[in-house]
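Each residue takes its place number in the sequence, starting with 1.
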Amino acid sequence: MSGIAEFAAVTIDCPEPPALAAFYAALTGGEITYDTAEAAAVKLPGGPDVYFQGVAGHRPPTWPEGDRPQQFHLDLYVDDLDKAEARVAELGGTRPQFQPGEGRWRVLADPAGHPFCVCLRQG
């Protein structure tokens with residue numbers, strides 16, 4: 001059975017779309033293709049677009065537990081978890097205390113507080 005739709009992008013709510021677009025563009029080598037105070041977009045190399053939508057009063061998820069669940073997360077392949085974490089920190093991201101990956105992946109958070117995983121590239 002063939003589908004009737006084509007996957008275009010993932011949209012992430014955030015307080016400052018240009019800042020979060022810059023973070024993900026720098027982290028992935030993507031290109032910012034749209035950038036306003038209300039919305040921004042990044043074209044990821046070899047992947048879908050990621051859109052950032054400004055939301056007044058945005059409150060980040062409380063991960064891994066709490067009153068605001070993560071609702072989604074992105075997985076990114078990397079060759080070195082420590083180097084990836086250092087780059088994320090340089091770009092304004094953080095590392096939550098809870099780490100379930102046991103060395104296979106690491107949970108990090110973007111500057112707006114959204115958790116994402118950096119996973120060791122396979123092969």
Side-chain angles (χ1 to χ4, degrees):
M1 175 188 239
S2 64
I4 61 167
E6 178 182 351
F7 186 78
V10 172
T11 301
I12 299 174
D13 291 350
C14 63
E16 297 178 40
L20 210 53
F23 172 85
Y24 281 103
L27 184 63
T28 64
E31 176 187 357
I32 296 173
T33 57
Y34 183 78
D35 188 4
T36 70
E38 295 81 27
V42 173
K43 178 72 172 169
L44 299 178
D49 291 352
V50 179
Y51 300 155
F52 304 93
Q53 171 178 278
V55 174
H58 176 266
R59 294 172 43 203
T62 50
W63 185 87
E65 299 172 355
D67 61 338
R68 292 182 311 279
Q70 70 174 335
Q71 299 176 5
F72 77 94
H73 74 268
L74 303 175
D75 289 337
L76 306 173
Y77 284 131
V78 299
D79 294 319
D80 184 300
L81 294 175
D82 292 331
K83 286 181 182 178
E85 182 178 341
R87 182 66 176 139
V88 166
E90 288 173 5
L91 296 169
T94 59
R95 177 184 173 161
Q97 184 176 354
F98 180 65
Q99 293 293 319
E102 298 178 8
R104 297 174 307 196
W105 71 84
R106 197 163 292 165
V107 179
L108 302 173
D110 67 27
H114 302 106
F116 65 94
C117 294
V118 290
C119 309
L120 285 175
R121 189 180 319 275
Q122 302 298 313

Legend entry - Spatial distance of atom CG (L20) from atom NE2 (H114) [nearest 0.5 Å]: 6.5 Å
Legend entry - Side-chain heavy-atom pair I12, L74 within 4.5 angstrom cut-off: yes
Inset, instruction - Could you check if a side-chain atom of P115 sits within less than 4.5 angstrom of a side-chain atom of P61, using non-hydrogen atoms only? - result: yes
Inset, instruction - Before giving the answer on side-chain contact (heavy atoms from CB on, under 4.5 Å), spell out for F116 and V88 the whole-Å C-alpha distance, their side-chain angles and the decisive distance to 0.1 Å. - result: CA-CA 11 Å; F116 65 94; V88 166; 3.8 Å; yes
Inset, instruction - Establish whether L91 and L81 are linked, either directly or via other cluster members, by ILVMFWY side-chain heavy-atom contacts under 4.5 Å. - result: yes
Inset, instruction - Check the surroundings of atom CD in E90: do more than 12 heavy atoms from other residues, nucleotides or ligands lie under 6.0 Å from it? - result: yes
Inset, instruction - Check whether any side-chain heavy atom of T33 lies under 4.5 Å from a side-chain heavy atom of V42, and answer yes or no. - result: no
Inset, instruction - Might you work through the side-chain contact (heavy atoms from CB on, under 4.5 Å) test for Q70 and V107, ending with a clear yes or no? - result: CA-CA 12 Å; Q70 70 174 335; V107 179; over 6 Å; no
Inset, instruction - For L120 and G103, work out which heavy atoms get closest and say how close. - result: CD1-O, 3.7 Å
Legend entry - Verdict with reasoning, C117 to R106, per side-chain contact (heavy atoms from CB on, under 4.5 Å): CA-CA 6 Å; C117 294; R106 197 163 292 165; over 6 Å; no
Legend entry - From C14 atom SG to Q53 atom CD, the distance as rounded to the nearest 0.5 Å: 8.5 Å
Legend entry - Spacing of NE2 belonging to H73 relative to CG belonging to D110, to within rounding of 0.5 Å: 13.0 Å
Inset, instruction - Evaluate the criterion side-chain contact (heavy atoms from CB on, under 4.5 Å) for residue pair L44 and V50; output intermediate values, then yes/no. - result: CA-CA 7 Å; L44 299 178; V50 179; 3.5 Å; yes
Legend entry - Spacing of H58 atom NE2 and D13 atom CG [to the nearest 0.5 Å]: 6.0 Å
Legend entry - Sidechain-backbone polar pair: T62 side chain, R68 backbone, donor-acceptor under 3.5 Å: yes
Inset, instruction - Take Y24 and F52, measure what ring-ring contact (aromatic ring centres under 6.0 Å, His included) needs, and give me the verdict at the end. - result: CA-CA 10 Å; Y24 281 103; F52 304 93; 5.7 Å; yes
Inset, instruction - First locate atom CG of L108, then atom CD of Q99, and finally report the distance between them rounded to the nearest 0.5 Å. - result: 6.5 Å
Inset, instruction - Give a yes or no on whether F72 and V55 share a hydrophobic cluster (residues Ile, Leu, Val, Met, Phe, Trp, Tyr; joining criterion: side-chain heavy atoms under 4.5 Å apart). - result: no
Inset, instruction - Could you please spell out the steps behind the salt bridge (charged side-chain N to carboxylate O under 4.0 Å, His left out) verdict for R95 and E85? - result: CA-CA 8 Å; R95 177 184 173 161; E85 182 178 341; 3.1 Å; yes
Inset, instruction - May I ask you to decide whether D80 forms a salt bridge with R87, counting only side-chain N to carboxylate O separations under 4.0 Å? - result: no
Legend entry - Distance-minimising heavy-atom pair for G30 and P45: CA-CD, 3.7 Å
Legend entry - hydrophobic_cluster_shared for Y51 and L27, side chain cutoff 4.5 Å: no
Legend entry - For the student: nearest non-hydrogen atoms of P60 and A112, plus distance: CB-O, 3.1 Å
Legend entry - Flag if over 12 foreign heavy atoms under 6.0 Å of OH, Y77: no
